[in-house]
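For ligands, and for the atoms within them, numbers begin at 1 and follow the listed sequence.
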Amino acid sequence: MVLLKNYISHTNQIKIINKIRELGLGPGGFYQPVYRSGNKLHLQMMCLGKHWDPERGSYGLIREVDGACPPSIPVEFKQLVEDAIQDSHALLKEELKLSNVERVLPRMSPDICLVNFYTESGRLGLHQDTSESSESRRRGLPVVSFSIGDSAEFLYGNNRDINRAKKVILESGDVIIFGGKSRLVYHGVRCIKQNSAPSFLVEKANLRPGRINLTFREF
Ligand code: SIN
Ligand code: MN
């Protein structure tokens with residue numbers, strides 16, 4: 001796993017929020033997902049590129065609740081993902097003296113982005129990301145995750161045991177990447193830290209309390 005702290009510039013964080021707000025209010029925008037059990041996820045979701053169906057745990061072209069097609073992933077988001085992988089490669093070469101960085105962390109070209117909005121009571125249980133194609137998972141194509149707004153306690157580990165999970169605080173502008181051998185890491189959001197968003201976001205982007213998370217994947 002690679003964690004790029006404070007990676008997304010202030011300007012880009014504001015641009016992302018504005019774009020997400022615009023898309024989130026339109027067709028295929030934010031909605032409340034519900035599992036097959038009837039339990040609601042403790043977050044609002046918007047899917048870009050393909051729709052992730054929480055009942056089946058699979059992707060499709062429309063969402064059944066309202067027949068909406070997911071908006072496309074903005075090109076400027078895709079560029080940021082490419083840059084984050086490129087910069088991770090440079091870091092792996094420099095800090096860990098790795099030469100086979102393309103194998104350790106394969107490149108990917110996202111065709112899916114799940115956007116989550118967590119209010120201060122939002123959370124997400126420990127899980128693996130397994131809805132992508134078996135080929136994508138076999139190749140270890142990374143999931144690239146952007147955090148914006150309030151900080152989150154992010155848990156990760158080798159199994160679903162919450163007591164053994166490690167914890168890291170994801171703050172606004174952080175990017176975390178799990179690919180290669182870490183592609184199937186268990187992960188989740190234990191809680192959102194109230195009033196922890198940087199003041200520039202609150203002032204300039206008029207962000208309401210909460211956290212936005214974008215996870216980019218290649219099907
Ligand atoms: C996810 O696992 O889909 C989202 C993780 C996060 O919000 O950091
Ligand atoms: Mn996930």
Side-chain angles (χ1 to χ4, degrees), residues 1-8 13 16-17 20 24 30-35 39-59 63 70 73 77 80-81 84 108 110-133 136-137 140-160 162 165-194 196-197 207 209-219:
M1 290 172 86
V2 178
L3 173 58
L4 302 171
K5 286 297 293 177
N6 201 9
Y7 179 78
I8 309 168
Q13 289 182 52
I16 292 171
I17 291 174
I20 291 298
F30 282 107
Y31 82 116
Q32 168 85 65
V34 180
Y35 291 122
N39 291 338
K40 290 178 180 166
L41 277 80
H42 296 268
L43 49 82
Q44 295 279 314
M45 184 181 280
M46 165 170 66
C47 305
L48 306 178
K50 294 188 200 310
H51 175 64
W52 181 72
D53 181 340
E55 288 196 24
R56 297 192 178 87
S58 60
Y59 292 105
R63 92 179 160 198
I73 305 177
F77 289 13
L80 279 172
V81 172
M108 68 105 181
D111 51 8
I112 299 159
C113 173
L114 303 188
V115 186
N116 292 345
F117 182 78
Y118 302 81
T119 62
E120 288 168 342
S121 58
R123 59 193 152 87
L124 181 63
L126 278 178
H127 66 279
Q128 291 173 301
D129 287 359
T130 55
S131 303
E132 297 69 34
S133 69
S136 174
R137 285 180 279 137
L141 300 190
V143 173
V144 176
S145 163
F146 293 2
S147 292
I148 297 176
D150 281 333
S151 306
E153 278 191 17
F154 182 81
L155 302 181
Y156 63 97
N158 291 328
N159 51 52
R160 200 173 265 136
I162 198 159
K166 296 195 176 102
K167 180 180 91 181
V168 65
I169 305 294
L170 295 182
E171 296 170 296
S172 196
D174 291 353
V175 173
I176 193 161
I177 303 181
F178 40 101
K181 284 188 179 166
S182 68
R183 174 60 179 76
L184 291 179
V185 69
Y186 283 85
H187 59 281
V189 173
R190 202 176 81 84
C191 65
I192 303 298
K193 295 185 161 289
Q194 280 192 19
S196 53
L207 181 66
R211 168 177 183 259
I212 298 173
N213 173 258
L214 300 93
T215 46
F216 296 90
R217 306 118 191 271
E218 183 175 329
F219 184 74

Please verify the inter-ring angle class for Y59 with F219; under 30° counts as parallel, over 60° as perpendicular, anything in between as tilted.
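The arrangement is perpendicular - the two ring planes meet at more than 60°.
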Angle at the Mn ion (ligand 2): provide the value between OD1 of D129 and NE2 of H127, rounding to 10 degrees.
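Reported to 10°, the angle equals 90°.
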Answer yes or no: are there more than 12 heavy-atom neighbours, outside K5 itself, under 6.0 Å from its atom NZ?
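Above 12, so yes.
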Is the count of non-hydrogen atoms from other residues, nucleotides or ligands lying under 6.0 Å from N158 atom CG greater than 12?
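Atom CG in N158 is not packed in, count stays at 12 or less.
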Please check if any side-chain donor atom of H51 sits under 3.5 Å from a side-chain acceptor atom of D53, or the reverse.
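Short answer, no.
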Note down each nitrogen or oxygen pair, ligand 1 side and protein side, whose separation is under 3.5 Å; give only atom names and the distance to 0.1 Å.
residue	atom	partner	partner atom	Å
ligand 1	2 (O)	H127	NE2	3.1
ligand 1	2 (O)	H187	NE2	3.0
ligand 1	7 (O)	Y118	OH	2.5
ligand 1	7 (O)	R211	NH1	2.9
ligand 1	7 (O)	N213	OD1	3.3
ligand 1	8 (O)	R211	NH1	3.4
ligand 1	8 (O)	R211	NH2	2.9
ligand 1	8 (O)	N213	ND2	3.4

Checking S182 side chain against V185 main chain: does a donor-acceptor pair fall under 3.5 Å?
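Between the backbone of V185 and the side chain of S182 there is no qualifying donor-acceptor contact (under 3.5 Å).
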Quick check: F146 with Y7 (ring centres under 6.0 Å apart)?
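No: the rings miss the under 6.0 Å criterion.
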